[in-house]
Amino acid sequence: MIFLRVAIPSPLRRYFDYLPPDHAEIGTYQPGIRVKVPFGRRELVGLLLEVVTETDVPLNKLKPVTEILDSTPLQPQYIRDLALWAADYYQHPIGDALLQSLPVFLRKGGEGVASHTYLWQVMPDTSAANLSDKAHQQQALYQLIAEHPQGISKEAIRAEGGQTSLLTTLENKNLIIKFKQTHSLPEAEHLIKEAPLPLHPEQQNALQQITQQKGFNTFLLDGITGSGKTEVYLQAIHEVLKKGLQALILVPEIGLTPQTLQRFKSRFRVPVVALHSSLTDKQRFDAWMQAAQGEAPIVIGTRSAIFTPLKSPGIIIIDEEHDSSFKQQEGFRYSARDLAVVRAHAEQVPIVLGSATPSLESLHNCAQQRYQHLTIRARAGNASAPQFQLMDIKRLSLNNGLSSELITQIQQHLQQGTQVLVFINRRGFAPSLICHDCGALAECKRCDARMTLHQKPAHLHCHHCDSQRPIPVCCDQCGSHALKPVGAGTERTEQTLNKLFPDTPILRVDRDSTARKGSMAKIMDQVHKGSPCILVGTQMLAKGHHFPKVTLVAILDADSGLFSTDFRGMERTAQMIIQVAGRAGRADHPGKVILQTHHAEHPLLTLLATKGYEVFAQEELKLRQQYQLPPYQHIAIIRAEAPHSGRAEGFLHSIKEQQSAFFSQIQWSGPFPSPMEKRAGVFRSQLILSSQSRPLLQHSLSHLCPGIEDHPLASRIRWSIDVDPYDMH
Ligand SMILES: [Zn+2]
Ligand SMILES: [Zn+2]
Ligand SMILES: [Zn+2]
């Protein structure tokens, strides 16, 4: 008797046994195939883990599998192993982890067959003369197809004005033939479309290090903005393609722009597959298949693309490795960057982590000789690095957040005919609305947070739970009508700049102004025309885009992250400042960066502005070591939430009481309320577990999680575990 052991997307940390399907001949069931199974009152798609001959479940409780979906597994074993490794490391239920490593289309039970593009060619030894003179449209179609000896697709025929409805007619007359498009790759010497750029010595060295060794090695490509990291990637990929291997490139969520793709597409004469969010589930699956079958030599995607199989892996590249979007912050909380290193090791290929502002973890890994540190400190071309100025705004009167000195400098740069970028990391009109009579603030009813005031259209908006409501006419505490906006967001800054510079276009870039499709491209078009303008925006401006004409970058509030309760607050602030600053002073325009601050004497901020990110990072690492914080300490957070105050905390208390004695070698701190205790109507609490030894923490967690799962309250409380959390909230 055999049983099928199946992984199911369920929150339970276990697998489930089933009987083979009814009436099925006893076949061979290969691990990795998808099966449809009854689960409770539902039917789910699961993945066969193994075929076993014994089960702990009484026979009369076992149900048969409803349907076998695949005859052979669509996903190679090593991707399944990667997902299992991640489930184990991140303490995530294996079924959910495995299913998440598949494209959504397959998770939903879609048929595992990729759609093909078909092409038509004319049959040899035929001509248009084989058609009647009167069949004008058939003649035209035949001619059109004859002009494409390599074959032409239906879309292309339609685009050139051909009648696709007549294809079958010509096929039946044996004048044309239909065939499946295959992607045969060009010969090694014809891979390149556009000549590579010349490399300066540091780039040259980096390229050599990356390409000369065989097998696994992790490189941190630490290159300032404008130093030509992408050119190093492109040339390293070229070497990989020459060997007939594939490249996988992961970029931040916001970084998968048409410009990024264009750089790859215009360099190489090979298919570049992009796994981006605007694809349908089926299109994503087709792209996934092209990667898996080796038809796509270059695969670019965001976080979840880490689970895309490659037929012949040659290199993995993580661009902007410090970016927070590589860590999934809910559900299966994996870090795609860290998994990429595990994957590269398993596949024995080199991996390149690139950034102008590397994460402290990666810098620490270099110091520990785990990663090889490749630095590029020279800018490509003859561009010079921007000059930083810390502008002390203590006691100065500000015009909606802009000091008069800053306004003068903006004026000067515009007069020189260049562009200005004003960075403020708060969207909306003002971060809060206050009653001038009693001081009451407009607060969100579902969160411990203030509502952001928007003017276009006018409403109050909570950026934590997305609640919205109309702007009140009077204070709900005292009835006064004297309600005033406090502080400035992008909308207000835009309005202020419009008044100050009525003749200059002010372009606002934030989630609200770019919500409509195509609006971002429109703004970028105007900026790239090059005439003077002021860009106002949030961190959307800090990523990916290049503004060669911007000579002044003004950061209105450099202080927001300086005193964060999150130990990464300072690191993130520094990365954001350097990333925004990096938009200025490219090509032949030297750039200037002004940081408005109330803490011009802040040691780390001063260090960053005068000595740069590298020196800053070394200092910050010393502090992390002193306070025993990551990367010198490994941590995991157990979070719990419940709709009643105190219940989540009580649950975590009880976990700690029951378990901490068994796992006394690791540190337990908490439980305490999360920094924002109430959010979207629930009360949240957290317990932090830490250890200097990663294996010790791992070992403890893997024994602890089943204990939490079995806790009598576990089913009534939402709880989760976050290993190597990126966000402490
Ligand atoms: Zn009031
Ligand atoms: Zn809003
Ligand atoms: Zn809210």
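Note that the structure is a prediction, hence the values are computed from the model and not measured. Both ligands and their constituent atoms are indexed starting at 1 by order of listing. Along the sequence shown, the residues carry numbers beginning at 1.
Here His454 contributes NE2 and His461 contributes ND1, and at the Zn ion (ligand 2) these two atoms make an angle of 120°, given to 10°. For Cys478 atom SG and Cys438 atom SG, the angle they make at the Zn ion (ligand 1) is roughly 110°, to 10 degrees. Atoms SG of Cys462 and SG of Cys447, as seen from the Zn ion (ligand 3), are separated by an angle of 110°, to the nearest 10°.
Under 4.0 Å is where a charged nitrogen must lie from a carboxylate oxygen, and between Glu491 and Arg427 no such pair does. A salt bridge does not link Glu443 with Arg450: none of the charged nitrogens is closer than 4.0 Å to a carboxylate oxygen.
The Zn ion (ligand 1) lies under 2.8 Å from an N, O or S atom belonging to Cys475. Among the backbone and side-chain atoms of Cys435, an N/O/S atom is found under 2.8 Å from the Zn ion (ligand 1).
Looking only at its N/O/S atoms, His463 has NE2 as the one nearest to the Zn ion (ligand 2).
Of the N and O atoms on the side chains of Arg337 and Ser359, at least one donor lies less than 3.5 Å from an acceptor on the other residue. Between the side chains of Tyr89 and Asp338, not a single donor N or O lies within less than 3.5 Å of an accepting N or O.
In terms of modelled atom types and a separation under 3.5 Å, the side chain of Glu641 and the main chain of Ala648 share no donor-acceptor contact.
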